[in-house]
Amino acid sequence: MSRFFRNQGWVAGLFALLIFLFVVTKLIQPGYGSGDFGSLARAVLPYAFAVAAQTVVVIAGGIDLSVAAMMALTSVTAASMMNGASEEYALFVVPFVLAMGLVLGALNGILIVVTRVPDIVVTLAMLFVLQGAALLVLGAPGGAAAEWLKASVIGTVPIPGLPDWADAWVPKALVLLVVCLCIIWIPLRRSRLGLSIYAIGSNELAAFRSGVPVARTRIIAYALSGLFAALGGLSLTISTGIGAPIPGPYLLASVAAVVLGGVALGGGKGGLLGPIIAVFVLRLVRTDLTLLAIDPNVTAIIEGAIMVAVVMFGAFITMRSRPAGATP
Amino acid sequence: MTDIATMPRPVSFGRRLKRIMADRPLIPLIILLIILVVILQILRPGIVNERWLANTAKFAIPLAILAGCQTMTMLTGGIDLSVGTVATMSAFIMATQIVNQDPAVAFLLAMLPAMLIGLVNGVGVGVFRVHPLIMTLGTSLIGTGFLQVYQRTVIASGAKIPDFLNWLGTGVTYGFPNALLLFVPVAVLIVFMLNRTGFGRLLYAVGDNERAARLSGVRYWQVITALYVLSSLLAGITGLLYIGLIKAPSLSLAEPLVLPSVAAAVIGGTSIFGGRGGYTGTIIGALILTVLTTLLTILQMPEGGRRILFGFIVLFVTAAYLRIVEDR
Amino acid sequence: AGKYTIGISNTVQGNGWREEMICAMKAQALASGEVAKLNIAHRNTDAAGQLEDIRNLISAKVDAIVVNPADPAGIKAGLEEATKAGIVVVAVDQAVTEPSAYIISNNQEQYAYLGAKWLFQQMGGKGEVFYMRGAAGASADSDRDKGFKKALAEFPDVKVAQEVFTGWQQDQAKQQILSFLATGTPINGIWTSGIDNVIVDALVEQQAPMVPVVGADNAGFVGQLNTVKGLVGAAVTNPGSIGGAGVTLALQILDGKKPAQQTVLVNPELWENATDAGKAKLKSAADPSLSPEWPVSISIPDWTTYTKDQIVACKGPGE
Amino acid sequence: MTTNPLLDATGVAKNYGAVAALRNASLSVPPGEVHALMGANGAGKSTLVKILTGAIKADAGRILIRGKQLDVRSPADARRAGLLPVYQEPSLIPDLDVLSNLRLTGTPVEPFRAWVRELGIPDLDIRETARNIPLAILRVLDLARALAVEPDVLLLDEMTAALPANLAEKVLEVVRRQGDAGRSVIFISHRFVEISALCDRATVLRDGSTVGVVDIEPGIEERIVEMMLGTRIEKTRVAARAANDVAVAAGGRPRLSVRNLQLGTKLNDVSFDLANGEVVGVFALEGQGQDELFAALAGSIRPTGGTIDVDGAPVKFSHPSDAIQAGIAYVPGDRTEALAMQRSVRENIALPFSAGLRKWGPIRMRREQVVVSGAIGRLQIDTRAQGEVQRLSGGNQQKVTIARWIAANARTILCFDPTRGIDVGTKQEIYKLLRELAGQGKSVLFYTSEMEEVQRVCDRVIVIFGGRVVDTFSVEEADEPALMRAAYGLPRGARADVGILAEVKPASDAEAAS
Ligand SMILES: Nc1ncnc2c1ncn2[C@@H]1O[C@H](COP(=O)(O)OP(=O)(O)OP(=O)(O)O)[C@@H](O)[C@H]1O
Ligand SMILES: Nc1ncnc2c1ncn2[C@@H]1O[C@H](COP(=O)(O)OP(=O)(O)OP(=O)(O)O)[C@@H](O)[C@H]1O
Ligand SMILES: [Mg+2]
Ligand SMILES: [Mg+2]
């Protein structure tokens, strides 16, 4: 039990915070309903994928500054391929773009392994490269998305056996998110590859000495990051119907949510659930700020303060809960 | 050198050269810089003249000082993403307060937020153990928010750039930019501090092994708090210099310098994991980035291509440098 | 006092032009007396983020949304949902593709065309121009590029010596112009996408030959046109006060006075200091008390009713 | 050699820049042999193990496994070839629990559990995160993990160095059985007791070259030491009451006086004194609260009850710097805890000089240089790779942690197993050094896992069991049976042939005789 709290306490706390925020939202805006929840789910979508992308590499002991640029590139690629193309063509575009994310992510990893330049620099350089590539694909926002793709995040999923009012609280965007993340994450987490990713993040030398193929694992972690980022890019195209070559604010948001979600920036610790809940928390905070019509200049202060306060609080309780006997 | 004599392989000239460069990591960096300048001169014959040198120095100096902040924080395993906001704040406050205030008072008012943000960063990182990335990101958000609120109160009063800052930022005396008057002492001070003072030693020690430093009697929070305050004050001064150079106070004045400042420190050989690096390399790193920016500006190619090239060159330079320096 | 709640969505923060736009919206809402509350979502984000803001505004049940679109097409879905929810939607500064939305916008293509055409005429229809664009990949930048290219096509002897993206950043623009000046490449004119005063500064500092400069009606640049010796140039108006006009339009529609067309274009004016008439206009427009990044055209006749003090105070209803 | 060797390495060389870690090492092990690899600190033992197991690449040399030249490029390859190392540093992944660590390396769980029990840890929680497991247990788990896959060749790099006597004993027992079962073991240790009890033959390295292979037989230790060090060293009984030289101020206040110290459930009512000019030994089995005692005295953790007096005045430490201020320095057993690995030897030694706020200013480089080189000289630190401490061999790193406090002239040193991983020659140096310090009126609290050391350096010994001081011996009374009994919590005088005594005693007699 105490181990559960030591390992999952942070996530549980975050979840409680999320519930609390929903209550607050309902108090601020009594009309807040299933439709608004659907909006939240759609807003979360690109952030959640960006955060998933960041989480994988952070757990592997790295950081990926190219997440947002990767999303921009995959988004414009998808949008320009679907521009004027048939609905069926999108069936080809989606896997193509995902493969592209995977390959470019792997390229990040390969460059890190081969050049031995620190990951922060490699991915910073790749940020410029991918941004440049996005500009070459589309010089200005444009392109299009297939209608069926756009429809895939709008509305709700009828679940047999559930009453209609309950169905209304199951937005397609949320289902899409959960399905995509689970398909990739759960098998990974259970596999030896997943353990290896944690291992190289926790202690690279020990991992190498335990027989983990460090270089290969790192490349795979970045490839997965690229895949998640491509999903994020696709979700941008799907929700806006266009592709924009200028990266959105997903890089810093992803790092912030990763940390809020209880993943240590040093690597080796945490999971995907925490950061995803953190994304919901951060988006819901923004909703509340809008509902409250807070002065927009103050919202920046509030968002920054919340981020700092939550992390400080986390640091504080870890300091407090450190068992008395242990040497610090 | 008897050890070398017993080595199984004969020592080739190349290896000896490599050893020399590895022992003096500045040499390869300077060579890389010179190569870039030569390329520039080949592409645009005549561009490398006195005026260009002065202009390059003018732009490299603010970058180099901010990169100094990064170097110092990176030595402790941290990073200071708030330098851009701090510099912008001091610049903006200076330009608006000088209108109705005594210059000395305006200066103090301009440095006040720098001091505060540094203190908050230091306490957050040093006492509460918040990850520096998140802490400084958070304070920079908060700072930006305050700046915007502040901006609304001074729209009516207008802005002015003090003549002295103007002289310092843009002036040239006997072909040397006046900014050197600020930079040379600052650089000497940083280099001296890192190599020859107790505080400098502690930065390295804390970044390398915090527990070891603690067992030697070092109080982590003192070092970290002093460090982040120092970093912020330097950033504040950079802001003043920068406003003298750009002469247009805007709310995002120095933000574009943040990522390059990190890149300059890394190119200059400072490890983002702490404990390794120095300031002289960083200065060359800043020069390399500035020259690279010029090089790309005058290249006739689509913007996307420029960015791709920029990314690859940064990566290549860092990789080449590491290759030369490692395995000493 | 008023009865309406108006939502505002903007996706660039900290830029003088956009700040003026927001202040114009607030001042107009206050001056109209019809607005009880403004609900402003004002941050740096992309089209997807703007969709989020718009949907939050729908959740907040505002009566109208005035939006400066991150992209004409990208927020279509959100605007459609707003209209469906009975909310009046007005886009300012840029058009949107959603047919149910009203548009009151600066004509970006015309903005660039006007300035570029004047510049090329000043250059005598030939020579080299330094083309300093905005942010690569932004839709306003590509609209302006269309206008610039249109003018360029009319002057076959004018060549682009160099094209750079300033990212609408002062420091970047200054470094670019200084680097360019150092190459010694002769030029006959400079077209800027609104990052203008640092360019004139650079010319003065470097004692480079003064060439005609085209910029926007930012307070700093207008001041320079009046005072810098030897500077010939033109400011093309791109009023940030369009935001106030957007609020007015939204209120008119809420009051049942729908305009004849969905789209109202505000065409730019050009103020130059090459002729006496132009000089006089510039003199009267200059306003050194404004932040140099703020456009001087702080009001639009017929569309805004606030006073200068009100927009400078930047306070909305209830503040 | 009649049987074909399982592992046969010849002419192995490895250079780190100008430092030659290995020049010409060779090693040959037939099946069923427990083979000692010996050498002074920095001789290249660990380097050779790393090369054999693919953790680093050799510059030259030929390595045959079962007569074949296999391509071993990583520990994973080595594992497939049947070579399993336990390195000098623990290699469990700190953030994974034990079970995941097993899955990561594809180790079967049940055999692992069996080995863990066999090795003397009956109640291991397999879901515990490695980070929370004490170092000594981690070492044992590392070994159990290696044993569980039944390797052909087991390479143990200072496996027993960090182990308390009870665990070390089990390890020796298990390793010996490995040899009997036809597997080969390469065993690195600086403890002759273990070597003579366990090994069949020994390969001796000096300065990166193999200088000889000998059969282990009674009396061979002297030859080995000679080969290792190139000269004969005097093995003196340093503890010949050097304290007598300084008349301990009779009736003077004790330097350190601990009363009723309490720390959660770990320490209970601990009281003892440490006088000026005295070396007090602390002897205990693993996990009896000695770690906490030292941490509390060093200011690393706050006791929950009791008092500590320094020179008669009560003190409360909230940070190690408070203890240092009071002249008490702590040398942890785990050197990675004490060293800034990427910094130079000099900076590491001079670190305490800059610690206080008042010392943040400019450094007087020349004075520092004198003090630092004095300390380096006194401990004879091999400074060939002094630019970065991480390039020193394990033993030399250990010396740096002590040199720091010699340089800082600390009045009281708390040494936690300071000779862990130090070769015989240097051990003698350290014993001498501690006695000298005592002779200068300084005081030393000295925890050790080797009983023999107690007699060599201490004036008195306190024995801790279950967080309590169960007994105090003067050095004359502290013979091994007495210590051992006390350490197991048995009352003085009780007759019991407990633990290690039956096993190791003959060997240690042999050593004492030499
Ligand atoms: N990465 C490295 N860079 C430079 N020198 C190194 C490096 N690793 C080891 N050395 C040097 O190689 C030599 C042999 O080291 P090694 O660790 O093999 O010694 P050892 O015999 O295991 O000693 P100990 O008993 O102290 O553990 C030492 O002089 C050490 O300084
Ligand atoms: N920077 C330094 N370089 C070399 N040796 C030093 C340095 N600082 C201190 N020492 C040495 O370390 C020992 C202890 O010095 P320390 O400064 O800790 O003494 P202190 O008790 O604080 O004395 P004071 O009250 O004079 O400051 C002295 O032998 C001193 O020579
Ligand atoms: Mg070793
Ligand atoms: Mg040993």
Side-chain angles (χ1 to χ4, degrees), chain B residues 40 43-56 58-59 62 88 95-96 144-145 147-148 151-159 161 166 169-172 242 245-257 290-291 293-304 306-307, chain C residues 12-16 19-20 22-23 26 42 44 133 135-137 160-165 167-185 195-198 201-202 204-208 218-220 287-294 308-309 311-315:
Chain B
L40 188 62
L43 287 177
R44 279 294 169 94
I47 181 171
V48 181
N49 53 32
E50 193 179 292
R51 203 194 253 183
W52 176 82
L53 285 173
N55 284 337
T56 303
K58 275 188 215 164
F59 278 91
T88 307
T96 48
T144 309
L147 189 58
Q148 280 175 353
Q151 173 234 199
R152 283 213 323 252
T153 68
V154 293
I155 289 171
S157 56
I161 312 301
N166 193 355
T170 58
V172 174
Y242 207 49
L245 174 60
I246 303 299
K247 294 200 274 191
S250 89
L251 294 184
S252 56
L253 180 73
E255 295 295 348
L257 292 183
T290 312
V291 173
T293 311
T294 310
L295 184 65
L296 291 177
T297 302
I298 63 154
L299 276 183
Q300 296 280 14
M301 59 160 64
E303 180 65 14
R306 267 186 211 143
R307 293 202 190 166
Chain C
V12 178
Q13 202 177 17
N15 158 299
E19 294 300 328
E20 188 189 82
I22 296 285
C23 288
K26 287 182 170 184
H42 172 44
N44 282 315
R133 297 178 61 172
V160 174
Q162 178 91 36
E163 174 179 327
V164 293
F165 287 87
W168 282 308
Q169 306 278 0
Q170 315 268 11
D171 60 329
Q172 214 165 315
K174 184 148 188 187
Q175 191 175 351
Q176 285 163 343
I177 180 80
L178 288 180
S179 303
F180 184 76
L181 290 177
T183 64
T185 314
I195 298 295
D196 34 30
N197 49 347
V198 290
D201 274 339
V204 174
E205 268 165 36
Q206 298 290 308
Q207 291 154 9
N218 301 323
D287 191 346
S289 71
L290 285 178
S291 154
E293 275 201 288
W294 269 42
K308 179 181 168 193
D309 287 343
I311 183 174
V312 167
C314 200
K315 287 219 186 309

Greatest number of heavy atom pairs closer than 4.5 Å to chain C - which of B:Ala54, B:Pro45, B:Ser252, B:Pro256: B:Pro256
Interatomic distance, C:Gln176 atom CD to B:Thr297 atom OG1 [nearest 0.5 angstrom]: 5.0 Å
Any residue meeting side chain to side chain donor-acceptor pair (under 3.5 Å) with C:Gln169, in chain and number order, not counting sequence neighbours: none
For C:Ser179 against B:Ile47, the heavy-atom pair lying closest together: O-CD1, 4.2 Å
Proximal component of B:Pro249, with respect to chain C [non-hydrogen, under 4.5 Å]: both
C:Gln170, part contacting chain B, at a heavy-atom distance under 4.5 Å: both
Chain C contact via B:Leu253 - side chain, backbone, both or neither, heavy atoms under 4.5 Å: backbone
Residue, of C:Thr185, C:Asn197, C:Asp201, C:Val164, that accumulates the most heavy atom pairs under 4.5 Å with chain B: C:Asp201
Segment of C:Gln175 engaging chain B (4.5 angstrom heavy-atom cut-off): both
Closest-packed option against chain C by number of heavy-atom pairs under 4.5 Å, given B:Arg306, B:Lys58, B:Glu303: B:Glu303
Considering all heavy atoms, the nearest B:Thr170-C:Lys174 contact: CG2-NZ, 4.0 Å
Which atoms of B:Thr88 approach chain C - backbone, side chain, both or neither, heavy atom under 4.5 Å: neither
Separation between CG of B:Leu245 and CG of C:Leu178, rounded to the nearest 0.5 Å: 7.5 Å
Over all atoms of both residues, closest heavy-atom pair of C:Glu293 and B:Ser250: OE1-CB, 2.8 Å
Smallest separation among heavy atoms of B:Arg51 and C:Leu181, with atom names: NH1-O, 4.5 Å
Side-chain touch B:Lys247/C:Glu205, heavy atoms, less than 4.5 angstrom: yes
B:Glu50 atom CD: more than 12 heavy-atom contacts under 6.0 Å: no
C:Gln206 versus chain B, the contacting section by heavy-atom distance below 4.5 Å: both
Under 4.5 Å from any heavy atom of chain C - which part of B:Leu40: neither
